[in-house]
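Atoms considered below: every heavy atom in the structure, side chains included; atoms not considered: hydrogens, waters and symmetry mates. Positions are given from 1 along the sequence.
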Amino acid sequence: MFDLIIFDCDGVLLESEILSCSTDAIELTKAGFPYTTQEVCEQFLGKSLRSMLATIEADHGKPLPDGFVDHLKRCNRERFEQELMAVDGIEQVLDGLVLPFCVASSSDVARLDHSLGLVGLHGRFAPHIYSADHVENAKPAPDLFLHAASRMGATPDRCLVIEDSLAGVAAGVAAGMTVLGFHGGAHCPPGHGDRLNQAGTHRIFDRMLDLPALIDVLG
């Protein structure tokens with residue numbers, strides 16, 4: 001049934017969402033735009049940094065300080081270097097896959113290269129690493145997933161997407177792909193799997209090691 005598996009990165013391959021949401025909340029609050037970690041996760045999970053910051057400026061009716069984007073990227077980079085880990089079981093899953101796979105993430109290219117490299121996953125995906133930088137419209141638009149499928153030579157109806165965010169699920173569904181919702185990340189609150197289901201996933205799972213069996217069932 002499938003010719004390609006498309007993985008989201010943050011929250012699916014990496015336990016990065018809880019780190020970045022926390023860092024974003026801290027630095028935004030310092031800059032006069034108060035947010036909690038939970039609020040950042042709820043409002044911006046799965047969306048690009050560009051989209052997040054544009055929404056924040058519009059909601060608050062004022063621009064972020066000059067240099068804030070570079071400052072925030074630097075803070076997240078330093079946090080990742082100290083604390084970032086791969087999602088439990090992802091290495092074993094990738095080792096056992098026979099289907100082609102790639103990454104399609106809302107993160108920018110530099111962050112993807114750095115974060116995947118920190119946990120030893122970059123070489124497993126390169127050069128098939130696709131970012132919101134590569135398309136005009138980021139998730140929840142389908143552009144990124146369609147771009148990844150095109151570059152990998154797969155049709156949307158034969159692509160399987162692994163996502164953890166509502167925006168990502170919406171993007172996969174809009175692209176006409178089968179979507180599995182992963183809700184086993186450290187950032188996922190109780191009931192997150194139900195929300196992913198409501199967004200249109202075909203199945204949900206909370207242990208990455210269960211993914212191969214799900215692929216077999218669907219395929």
Self-check item: Distance, nearest 0.5 Å, that separates CZ of Phe125 from OG of Ser105
Solution: 11.0 Å
Quiz item: With sequence neighbours excluded, what pairs up with Glu91 under the salt bridge (Lys or Arg N to Asp or Glu O under 4.0 Å) test?
Solution: none
Self-check item: Nearest atoms (heavy-atom pairs only) where Pro34 meets His60
Solution: CD-CE1, 4.1 Å
Practice problem: Could I get the full list of side-chain hydrogen bond (donor to acceptor under 3.5 Å, both in side chains) partners for Ser165, not counting sequence neighbours? | Solution: Glu163
Quiz item: How about Thr37 and Asp24: do any of their side-chain heavy atoms sit closer than 4.5 Å?
Solution: no
Exercise. Would you kindly confirm whether Leu97 and Val103 end up in one hydrophobic cluster when ILVMFWY residues are joined by side chain heavy atoms under 4.5 Å apart?
Key: yes
Quiz item: Which pair of non-hydrogen atoms, one from Thr23 and one from Leu72, has the smallest distance, and what is that distance?
Solution: O-CD1, 4.3 Å
Exercise. Report yes or no: does Thr201 contribute a side-chain atom to a donor-acceptor pair with the main-chain N or O of Leu196 at less than 3.5 Å?
Key: yes
Quiz prompt | Sequence neighbours excluded - side chain to side chain donor-acceptor pair (under 3.5 Å) pairs with any residue from residues 113-124 | solution = Glu81-His114, Asp95-Arg124, Asp113-His122
Quiz prompt | Non-hydrogen side-chain atoms of Leu13 and Leu116 separated by less than 4.5 Å | solution = yes
Quiz item: Could you give the distance from NZ (Lys30) to SG (Cys75), rounded to the nearest 0.5 Å?
Solution: 6.5 Å
Please table the atom pairs, donor to acceptor, closer than 3.5 Å between any side-chain atom in residues 5-12 and protein atoms at least two apart or in another chain.
residue : atom : partner : partner atom : Å
Asp8    : OD1  : Lys139  : NZ           : 3.1
Asp10   : OD1  : Ser16   : OG           : 2.5
Asp10   : OD1  : Arg111  : NH2          : 3.3
Asp10   : OD2  : Ser107  : OG           : 2.6

Quiz prompt | Within-4.5 Å side-chain heavy-atom neighbours: Pro189 and Glu42 | solution = no
Quiz item: Does Arg207 have any side-chain hydrogen bond (donor to acceptor under 3.5 Å, both in side chains) partners at least two apart in sequence or in another chain, and if so, which?
Solution: Asp210
Quiz item: Restricting to pairs with a member in residues 174-191, which pass side chain to side chain donor-acceptor pair (under 3.5 Å), not counting sequence neighbours?
Solution: Asp164-His187
Quiz prompt | Polar side-chain atom of Glu39 near backbone of Thr36 as donor-acceptor pair, under 3.5 Å | solution = yes
Practice problem: Quick one: list whatever passes salt bridge (Lys or Arg N to Asp or Glu O under 4.0 Å) with Lys73, sequence neighbours left out. | Solution: Asp108
Exercise. For Phe205, enumerate each residue passing the ring-ring contact (aromatic ring centres under 6.0 Å, His included) test, keeping only those at least two apart in sequence or located in another chain.
Key: Phe182
Exercise. With rounding to the nearest 0.5 Å, note down the distance linking NE2 in His71 to CG in Asn76.
Key: 9.5 Å
Self-check item: With sequence neighbours excluded, residues passing side-chain contact (heavy atoms from CB on, under 4.5 Å) with Glu78
Solution: Arg74
Self-check item: Asp66, CG: over 12 other non-hydrogen atoms inside 6.0 angstrom
Solution: no
Quiz prompt | Asp88 atom CG, neighbour heavy-atom count above 12 within 6.0 Å | solution = no
Quiz item: When clusters are formed by joining ILVMFWY residues with side-chain heavy atoms under 4.5 Å apart, either directly or through shared neighbours, do Ile26 and Leu19 land in the same one?
Solution: no
Self-check item: Cation over ring face, Lys62 and Phe33, 6.0 Å, 45°
Solution: yes
Self-check item: Ala141 versus Asn137, closest heavy-atom pair with distance
Solution: CB-CB, 3.7 Å
Quiz item: Should Leu211 and Val217 be counted in the same cluster of Ile, Leu, Val, Met, Phe, Trp and Tyr side chains packed under 4.5 Å apart?
Solution: no
Quiz item: So, do Phe44 and Cys21 sit near enough that their side-chain heavy atoms are less than 4.5 Å apart?
Solution: no
Practice problem: Report the distance from atom CZ of Phe101 to atom CG of Leu99, rounding to the nearest 0.5 Å. | Solution: 10.0 Å
Quiz item: When rounded to the nearest 0.5 angstrom, what distance separates NE2 in His128 from SG in Cys102?
Solution: 8.0 Å
Hey, can you pull the donor-acceptor pairs under 3.5 Å for the side chains in residues 46-58, sequence neighbours left out?
residue : atom : partner : partner atom : Å
Ser48   : OG   : Ser51   : N            : 3.1
Thr55   : OG1  : Ser51   : O            : 3.0
Glu57   : OE2  : Leu64   : N            : 2.8

Quiz prompt | For the student: nearest non-hydrogen atoms of Val93 and Pro212, plus distance | solution = CG2-CD, 4.1 Å
Exercise. Please name all residues satisfying side-chain contact (heavy atoms from CB on, under 4.5 Å) with Val173, sequence neighbours left out, ordered by chain then number.
Key: Val169, Val179
Quiz item: Which pair of non-hydrogen atoms, one from Ala86 and one from Val119, has the smallest distance, and what is that distance?
Solution: N-CG1, 3.7 Å
Quiz item: Is it true that Leu84 and Leu45 fall in one hydrophobic cluster, defined by side-chain heavy atoms closer than 4.5 Å?
Solution: no
Quiz item: How far apart are the closest heavy atoms of Pro100 and Met152, and which atoms are they?
Solution: CB-CE, 4.4 Å
Exercise. Please check if the side chain of Gln92 supplies one atom and the backbone of Leu209 the other of a donor-acceptor pair under 3.5 Å.
Key: no
Extract all donor-acceptor atom pairs below 3.5 Å that involve side chains of residues 144-151 and protein atoms in other chains or at least two apart in sequence.
none

Quiz item: Are Val161 and Leu166 linked, directly or through other ILVMFWY residues, by side chains that come within less than 4.5 angstrom of each other?
Solution: yes
Quiz prompt | Distance in Å, Leu160 CG paired with Arg203 CZ, rounded so as to fall on 0.5 Å steps | solution = 11.5 Å
Practice problem: State whether the number of non-hydrogen atoms from other residues, nucleotides or ligands found under 6.0 Å of Arg195 atom CZ is greater than 12. | Solution: yes
